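Provided herewith is a single structure, encoded as structure tokens, for subsequent inquiry.
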There are 2 protein chains.
Amino acid sequence: METIEQVLESRSIRVTAMRMLIYKFLAEKEVAVTLSDIENAFVKADRTTLYRTIKTFEEKAIVHQIDDGTGITKYALCEQGCNCDIKTDLHLHFHCNNCNETICLTDHKIPQIKVPDGFVSENVNLVVKGICDKCSG
Amino acid sequence: METIEQVLESRSIRVTAMRMLIYKFLAEKEVAVTLSDIENAFVKADRTTLYRTIKTFEEKAIVHQIDDGTGITKYALCEQGCNCDIKTDLHLHFHCNNCNETICLTDHKIPQIKVPDGFVSENVNLVVKGICDKCSG
DNA sequence: ATAATAATTGCACTTCCATTGCATTGGTTT
DNA sequence: AAACCAATGCAATGGAAGTGCAATTATTAT
């Protein structure tokens, strides 16, 4: 089991208290979070710091951005083996219309999508919307 | 061939000059447009009017909203037989990373996506990103 | 250890898009 | 023509994303 420090260092991200806390927060969440969510969890920290921390994590492929159609960008920790930095990596996310939460379905692969002649597919954003397991129960 | 008036009336949308112009603009565009695009095309009209017209069209299922991941909402006329009002209707859009345009690929159906037990799929948002036919040529 | 250097954080501000309240105009109906 | 309701225009707000700069903190070199 890797420690948070090791994760950060392995991606050449300097270890700071703030970054460790944010990483921990993301790791404990099982759903994707917005910047506001993080803001509310760390009221003492400045919004900009949180914003830039997430951006750093994103650049270093520790976190990936999710566009679930709500208009607000969400973020989630990349799973072990997630190649968010590679453009051809396929994400599948589920957005619950009831509780408004977005979940990474990492073990559900996206089928190959055919595009017309002349079009080159580089990336696919697939969001399934509906009712999640907690809300449908 | 239906006239614009007929289209609007059949959806119980009152026919006004503004609405006809906006409908015509959308019909002539082969790509999805942003509110700003419409704004630039109708400099004399107020932004709010354009915004509300689009919202009206959306409610009446004449136009559908597209979230292509650029962060800016885009709109496009629904095709003949498009059931945007029905939640189970599946959209497929292509966003060009080069020219930044978004195209509806209405004749490309989305394959059935499996979701885990307990999850109920109501809708799927699928955006393929890459290079469009014009830019790849 | 201390100075020099570089990265991180916090504050203030800006920009952009989406949205709403309210007054005014314009079209329908009786 | 009067009354009514919808559509339009103006002004303003809210929220999220992003940037510049100063202050702080950590790292490196002397």
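Just so it is clear, the model here is predicted, and its values are computed rather than measured. Lettering of chains follows the sequences in order, A, B, ..., and the numbering in each one begins at 1.
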Across all chains, not counting sequence neighbours, the side chain to side chain donor-acceptor pair (under 3.5 Å) partners of B:N97 are A:E122
Residues which pass ring pair (Phe, Tyr, Trp, His ring centres under 6.0 Å) with A:Y75, listed by chain and number, not counting sequence neighbours:
none
List the residues meeting salt bridge (charged side-chain N to carboxylate O under 4.0 Å, His left out) with A:K24, not counting sequence neighbours, and say none if there are none.
A:E28
In 5'-to-3' order, the base (B), backbone-only (S) or no-contact (-) status of each nucleotide in nucleotides 2-10 of chain D, using a 4.0 angstrom heavy-atom cut-off, is ----SSBBB
Min and max contacting nt of DNA chain C in 5' to 3' order, chain A heavy atoms within under 4.0 angstrom, are C:dA7 to C:dA12
Not counting sequence neighbours, list each pair that qualifies as a ring-ring contact (aromatic ring centres under 6.0 Å, His included) and has a residue in residues 11-59 of chain A.
A:F25-A:F42
Does A:R11 reach the main-chain N or O of A:A61 with its side chain, forming a donor-acceptor pair under 3.5 Å?
yes
Report each atom pair, protein N/O against N/O of nucleotides 14-17 of chain D, whose distance is under 3.5 angstrom.
{"from": "D:dA17", "atom 1": "OP1", "to": "A:T73", "atom 2": "OG1", "distance (Å)": "3.2"}

Any residue meeting salt bridge (charged side-chain N to carboxylate O under 4.0 Å, His left out) with B:K134, in chain and number order, not counting sequence neighbours
B:E30
Who are the ring pair (Phe, Tyr, Trp, His ring centres under 6.0 Å) partners of B:H95, not counting sequence neighbours?
none
Enumerate the side-chain hydrogen bond (donor to acceptor under 3.5 Å, both in side chains) contacts for residues 32-46 of chain B, please, sequence neighbours excluded, ordered by first and then second residue.
B:T34-B:D37, B:E39-B:R47, B:D46-B:T48
Mind checking what makes side-chain contact (heavy atoms from CB on, under 4.5 Å) contact with B:T3, not counting sequence neighbours?
B:E5, B:Q6
Across all chains, not counting sequence neighbours, the side-chain contact (heavy atoms from CB on, under 4.5 Å) partners of B:T106 are B:E79, B:C104
